[in-house]
Student: 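Input: one structure, supplied below.
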Amino acid sequence: MATINDNYLKLPGSYLFAEIGRRVAAYKEAHPQADIIRLGIGDVTQPLPPACIEAMHKAVDELAKAETFRGYGPEQGYSFLTEAILKNNYEPYGLHFGTDEIFVSDGSKSDCGNIQEIFGLTDKVAITDPVYPVYLDTNVMAGRTGELQEDGHFEGVTYLPCTAENNFAPELPQEHVDMIYLCCPNNPTGTTLSHAELKKWVDYAKKEDAVILFDAAYAAYITEDDVPRTIYEIEGATEVAIEFRSFSKTAGFTGTRCGYTIIPKGVTGKAADGSRVDFNRLWNRRHTTKFNGTAYIVQRGAAAIYTEEGKAQVKETIAYYMENARLIREGLKAAGIEAYGGINAPYIWLKTPNNMPSWDFFDKLLTEVNIVGTPGAGFGPCGEGYFRLTAFGGRENTLRAVERIKKMKI
Ligand code: PLP
């Protein structure tokens, strides 16, 4: 008899975006003329940089000729891409990784979700709250948690609240944990951790023999000097941290798919026989067994963001989104709504007026001013009473949305 992985049954249905879609569809049916502006889902809207397009066209032509055709490539990524990543994203900070410490993938969702497979099933997990749901859900699926409780928390998980009260900087756990998920810049709050705050976590991980799983999918959006561009800027992090990066929000690869993970060889865990084993070795085994490489065409496109033209084009698109972020932030302020984030990230996290539950605020925004955002409660219990707007829209829609919010009665 085939049985199922019962851990999957602990998960609530994928409620957030399905429920948003349902409410928007119902409203649209009742009000077919409504001009709805969507600032909800975190997908980009601007096209790929021309340098990437050109590189991908060239790669397609290479595949058309026997002499330049490429079939299976190295599972860990082509050296033209891994070398460009290390040279541009790490060497400027004095960080020197080997090309065998980086793994190119089809995006960081897969990596953030799959990484837990190389950790022991009894490891204690700590997760910031609110946060990108993939870390929690994949640990639930693996059986590292108990049941979902009525208050919205899973048993056996250490939640690290991040609210306006602690300036969105999580406190160190009181108890021992083994795996710590940090997302910086954070989705959904758009906030970051300073060097000093991140140092606390690296020191904790060293002391507790824990590993930090550091999701830096939005690193390209950081503008402030005191925010580390990579966790490896913090002394000691190469012994305790794994870093995830993505080309999705950096350069519009959400549909094209490319990301990478850095696993320094110094990051180790304890085997059952008491010996130390580096996670790099395990991930390499997993990656080469379960993954067959990111498409050559896509890797050529990704590498093009490190050319002079590519860098300039990426910078321009990021500046475009960040101007949207500024407009939203200032618009909310003018409307008397407290807002956070939007300076080092394309997300604005607002406090709902009069402590309104986040789904009620969703309905208010949808029905009164026809704007779709994302209720904070969908990202964890501490997201209740907050709401996320994204800066990934077009400029015109962003401006129109801001004008509507300013006129809204709160
Ligand atoms: N990590 C965070 C924090 C995200 O918000 C996202 C996407 O929204 C991802 C990872 C996944 O990115 P990718 O498109 O590379 O899978």
Side-chain angles (χ1 to χ4, degrees), residues 14 16-17 20 38-46 48 52 77 81 85 89 102-116 127-139 160 162 168 170 180-193 212-222 227-231 241-262 287 291 293-295 298-299 301-302 305 314 317-318 321 325 341-342 344-349 373-374 376 378-380 383 386 388-393:
S14 90
L16 181 63
F17 290 107
I20 290 175
R38 291 169 199 268
L39 300 180
I41 294 181
D43 200 356
V44 295
T45 52
Q46 299 304 299
L48 286 163
C52 301
L81 178 57
I85 291 169
N89 290 355
I102 175 168
F103 298 85
V104 173
S105 69
D106 63 348
S108 65
K109 186 182 204 172
S110 323
D111 292 351
C112 295
N114 292 328
I115 197 73
Q116 48 76 29
I127 293 181
T128 54
D129 172 21
V131 84
Y132 184 55
V134 171
Y135 323 138
L136 177 64
D137 289 4
T138 52
N139 277 290
L160 308 167
C162 296
F168 303 97
I180 303 156
Y181 287 88
L182 296 177
C183 180
C184 179
N186 186 275
N187 174 13
T189 65
T191 57
T192 49
L193 298 173
I212 298 173
L213 301 161
F214 191 75
D215 186 351
Y218 298 93
Y221 287 82
I222 298 171
V227 181
R229 269 53 179 175
T230 154
I231 191 165
I242 292 174
E243 180 165 287
F244 307 96
R245 295 269 198 116
S246 170
F247 290 93
S248 285
K249 310 300 162 68
T250 308
F253 277 62
T254 51
T256 319
R257 312 300 306 141
C258 196
Y260 62 92
T261 292
I262 303 277
H287 205 63
F291 186 66
T294 301
V298 172
Q299 292 192 57
I305 78 162
V314 163
T317 306
I318 289 178
Y321 291 136
N344 297 303
Y347 294 121
I348 292 89
W349 187 239
T374 314
F379 297 99
Y386 291 90
R388 191 190 76 175
L389 293 175
T390 92
F392 285 130

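Counting begins at 1 with the first residue of the sequence. Whatever order the structure lists ligands and atoms in, that order sets their numbers, starting from 1.
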Student: For atom 14 (O) of ligand 1, which protein heavy atom lies nearest, and how many Å away is it?
Tutor: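 Looking only at protein heavy atoms, the one closest to atom 14 (O) of ligand 1 is S248 OG, 2.5 Å.
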
Student: For this output row, return yes or no: ring centroids of Y218 and Y347 closer than 6.0 angstrom.
Tutor: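 They qualify: ring centres under 6.0 Å apart.
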
Student: Name the closest protein heavy atom to atom 11 (C) of ligand 1, giving the residue it belongs to and the distance to 0.1 Å.
Tutor: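 The answer is Y132 OH, 3.3 Å.
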
Student: Only heavy atoms of K249, strictly under 4.0 Å: list the atoms of ligand 1 that pass.
Tutor: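 That gives atoms 7 (C), 8 (O) of ligand 1.
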
Student: With the threshold set at under 4.0 angstrom, would you say G42 reaches ligand 1 through any of its heavy atoms?
Tutor: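 Outside the 4.0 Å threshold, so no.
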
Student: With a 4.0 Å heavy-atom cut-off (strictly under), which part of F247 contacts ligand 1: side chain, backbone, both or neither?
Tutor: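 No part of F247 comes within reach of ligand 1.
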
Student: Determine, using heavy atoms of F253 and all atoms of ligand 1, whether some pair is separated by less than 4.0 Å.
Tutor: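 F253: no contact with ligand 1 (<4.0 Å).
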
Student: Only heavy atoms of A217, strictly under 4.0 Å: list the atoms of ligand 1 that pass.
Tutor: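 Result: 1 (N), 2 (C), 10 (C).
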
Student: Enumerate the atoms of ligand 1 whose separation from the nearest heavy atom of C183 is less than 4.0 angstrom.
Tutor: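 It comes down to these atoms of ligand 1: 3 (C).
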
Student: Is the closest N or O pair between K109 and ligand 1 shorter than 3.5 Å?
Tutor: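 In this structure, K109 places an N or O atom under 3.5 Å from an N or O of ligand 1.
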
Student: Pick whichever of A345, S108, C258 has a heavy atom sitting closest to atom 12 (O) of ligand 1.
Tutor: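 Considering heavy atoms of A345, S108, C258, the nearest to atom 12 (O) of ligand 1 sits in S108.
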
Student: Could you tell me whether the side chain of N187 reaches within less than 4.5 Å of the side chain of R388, counting heavy atoms only?
Tutor: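 They are in contact (side-chain heavy atoms under 4.5 Å apart), so the answer is yes.
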
Student: Indicate the ring-plane relationship of F253 and F247, choosing parallel, tilted or perpendicular according to the 30° and 60° boundaries.
Tutor: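 It falls in the tilted class, 30° to 60°.
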
Student: Going by the order shown, which atoms of ligand 1 are within less than 4.0 Å of some heavy atom of G107?
Tutor: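 Taking each heavy atom of G107 in turn, ligand 1 has 15 (O), 16 (O) under 4.0 Å.
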
Student: Got an N/O contact under 3.5 Å between Y218 and ligand 1?
Tutor: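 It does: an N or O of Y218 is found under 3.5 Å from an N or O of ligand 1.
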
Student: Any donor-acceptor pair under 3.5 Å linking the side chain of Q299 with the backbone of T294?
Tutor: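 Yes: the side chain of Q299 pairs with the backbone of T294.
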
Student: Should the pair Y132 and Y135 be assigned to parallel (<30°), tilted (30 to 60°) or perpendicular (>60°) ring geometry?
Tutor: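 Rings of Y132 and Y135: perpendicular, over 60°.
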
Student: Report yes or no: does T254 have a heavy atom closer than 4.0 Å to ligand 1?
Tutor: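 False for this residue.
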
Student: Treating Y321 as the side-chain partner and T45 as the backbone partner, does any N or O pair qualify as donor plus acceptor under 3.5 Å?
Tutor: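 The answer is yes, because a donor-acceptor pair under 3.5 Å joins these two groups.
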
Student: Determine, step by step, whether F379 and T374 satisfy the side-chain contact (heavy atoms from CB on, under 4.5 Å) criterion, reporting the C-alpha distance in whole Å, the side-chain angles of both residues, the deciding distance to 0.1 Å, and the verdict.
Tutor: CA-CA 9 Å; F379 297 99; T374 314; 3.6 Å; yes

Student: Provide the number and element of each atom of ligand 1 under 4.0 Å from a heavy atom of R257.
Tutor: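 By the 4.0 Å cutoff, the relevant atoms are 13 (P), 14 (O), 16 (O).
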
Student: Contact between I318 and Y221 at the side-chain level, heavy atoms closer than 4.5 Å - yes or no?
Tutor: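 Answer yes - side chains close enough.
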
Student: Going by the order shown, which atoms of ligand 1 are within less than 4.0 Å of some heavy atom of D215?
Tutor: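 Numbered from 1, ligand 1 contributes 1 (N), 2 (C), 3 (C), 10 (C).
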
